[in-house]
Structures are given as C-alpha cells and as structure tokens.
Protein chains: 2
Amino acid sequence: MSKIYTPDTAALGVEQVLRLLEGRWKLVILFHLFDGKVQRYSDFGRLIPGISQKMLSQQLRQLEADGIVSRKLYPQVPPKVEYRLTEWGQALCPALDSMLKWAEKRETLQSPPEAS
Amino acid sequence: MSKIYTPDTAALGVEQVLRLLEGRWKLVILFHLFDGKVQRYSDFGRLIPGISQKMLSQQLRQLEADGIVSRKLYPQVPPKVEYRLTEWGQALCPALDSMLKWAEKRETLQSPPEAS
DNA sequence: CGGGATCCAACAGGATACTG
DNA sequence: CAGTATCCTGTTGGATCCCG
C-alpha cells in the first residue's frame, strides 16, 4: 500500500465517482445492462418509455466517456449499435443488486410514505 | 409469495426508488451517515464544503420525507438537531459499501478517462 | 437505424439576507 | 444553532426537425 488516503480525501474521491452516476436516467439504463445484457439504441427507447432520444444518447455518451458503458458500432446499412457494460461497469453490478434488494426491503421494513 | 411481480413492473418499481437517491448531494450526505454515524446540521456543512445551506436542508428534508433519514430535535437553546439513518436507511449501507468498492476499482481496472 | 442540432420550458441549485 | 425566504442563473430535459 503505497497510497496514502486519509478518510477525508477518500470521501472526496467517492464524491467524484458518484457524480458519474448522476443524471435522470443513468441508473435505469445501467439496470437494463445489468448482468451482461446487451442492448441496442432502440431497445432502450422501448424499455424506458419516458426517455427522449436526446436524453438517451446524452446519458449513453456520458456513460461511455466515463468508461462505464461500451459502444459497438456495426458499420452496415442500416447501422446497428450495441451497448454493454465495460469491465468496470460490470463491477457496478453488486452495487446495483444491493440497491435492488434495498428497494424491495422498503415494503417489509416500513410502509412507504406514499410516493411523492 | 403471494405477490406477483413481472420483471417489467419490478423494474418500474426500481426506477421509483432510485429517484429517491437522485439529487446532487444525497448520496454524499448518506455516506456521512454511513455505519450508524450521527451528524448535526452544521457537521454536514463542515464535512461537505461545497454544499449550500439551502441544498443541505432541502436534501435532508427529502431524505427524511422518504423515510431514509430521521431527524431528532433537542428543544433547547441554542437548538440542536441530530440526523441519522432510519432502519430502512441503514439497509442501504451494503449498497453504499459496494459503490465505495466500485469507486476504488476504477484505478485497478482501468486508467480513469480524466475527470471531466 | 441511430443518432445530432436547435429551441425552449422547467427545475435544480447557488448567494445572500433574515429568523426563532 | 439550525434553519427559511427570496432572487437569480445554469443546467437539465423535452419536442421537433434533420442527417448519414
């Protein structure tokens, strides 16, 4: 361990990384790539009814730029693009899974305070 | 198992719950309540240098309304308020921990694509 | 099919001042 | 100390049109 992390600087690093997951649709997109699933651009539009094309491409590009999602283009006509998690993105799955479990606990642990 | 969840409706439920964690500062606040820690209002201001009072109280109140954080007021002068995770909020800790581990993996799994 | 560009409305969020 | 109220700006996000 040559690295020196005080608790504070470590916390700051976490803040930076957490910002990569911000955004109205990123987690939802990630959930649809969970478990190694591969999706095409139009798949997301179908899986996530509320999202606009702009948001979809924007969030996908940010996830791609941040090294969480990879984009594979098949240069054919009509074009075909596949999205999947990168290796690092796959490493997020345990966290996503925990959040899934947490969501379910809401009903057993307390009565939900009525969706706002 | 009397509940009937199709994968799709389950995914929708997740989306709703994930929205409870949206917001620029919520996860950061949660991290500072991690592991049963108790913080006062002013503690957050010190722990999270960039946050404004408005954002702090706003995010705290949302977390409270959503049943993730509890607020304990000591009716004295000057007033004293303590924040901690609710039982359900505590259940988020495994997920937070996973995200922490994920953040650290970034350096071992790939070279960070330069913070934007 | 898989986007980009543009315009616009809504909201998130910051700075400051004030209060019990 | 622990907030609230107000104002103001930047960003988010939706709708629409266009392109390779």
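Computed from a prediction, not measured in an experiment: that's the story for all the values here. By convention in this document, chain letters (A, B, ...) are assigned in the order of the sequence lines, proteins followed by strands, and residues within each chain are numbered from 1.
Atom NZ of Lys80(A) is surrounded by more than 12 heavy atoms from other residues, nucleotides or ligands within 6.0 Å.
Rounded to an integer number of Å, the gap from NZ of Lys72(B) to C1' of dC1(D) is 18 Å. In this entry the distance linking CZ of Arg46(B) with P of dC1(D) reads 11 Å, nearest Å. Rounded to a whole Å, the CD1 atom of Ile29(A) is 11 Å from the P atom of dG13(D). Atom-to-atom, CD of Glu22(A) to P of dG13(D) comes out at 10 Å; the value is rounded to the nearest Å. Here the P atom of nucleotide dT11(D) and the CZ atom of Arg19(A) are 11 Å apart, to the nearest Å. Atom CG of Leu73(A) and atom C1' of dG20(D) are 12 Å apart (whole Å). Atom P of nucleotide dC1(D) and atom CD of Glu82(B) are separated by 15 Å, given to the nearest angstrom. Between Arg24(B) atom CZ and dC11(C) atom C1' there is a gap of 16 Å when expressed in whole angstrom units.
Nearest-nucleotide assignment on DNA chain D puts the 5′-proximal partner with Tyr83(B), out of Trp25(A) and Tyr83(B). Along DNA chain C, the nucleotide nearest Gly50(B) and the nucleotide nearest Val81(A) are compared for position; the residue whose nucleotide lies closer to the 5' end is Val81(A).
Residue Arg71(A) places at least one side-chain N or O closer than 4.0 Å to OP1 or OP2 of dG3(C). Taking side-chain N and O atoms only, Tyr41(A) has no distance below 4.0 Å to OP1 or OP2 of dG4(C). Here Arg40(B) reaches the OP1 or OP2 of dA2(D): one of its side-chain N or O atoms lies under 4.0 Å away.
Applying the salt bridge (Lys or Arg N to Asp or Glu O under 4.0 Å) test to residues at least two apart or on different chains, the pairs with a partner in residues 35-45 of chain B are Asp43(B)-Arg46(B).
With a 4.5 Å cut-off on side-chain heavy atoms, Leu100(B) and Phe31(B) count as touching. Side-chain contact between Leu21(B) and Leu27(A) is absent, with no heavy-atom pair separated by less than 4.5 Å. A heavy-atom distance below 4.5 Å is found between the side chains of Cys93(B) and Leu85(B).
Taking a 4.0 Å limit (strictly below) on heavy-atom distances, residues 52-62 of chain B reaches DNA chain C at Ser52(B), Gln53(B), Lys54(B), Met55(B), Gln59(B).
Classified by interplanar angle (parallel below 30°, tilted 30° to 60°, perpendicular above 60°), the ring pair Tyr41(A)/Tyr83(A) is tilted.
Residue Lys26(A) forms a side chain to side chain contact (heavy atoms under 4.5 Å, CB included) with just one option from Val69(A), Leu63(A), Ile68(A), and that option is Leu63(A).
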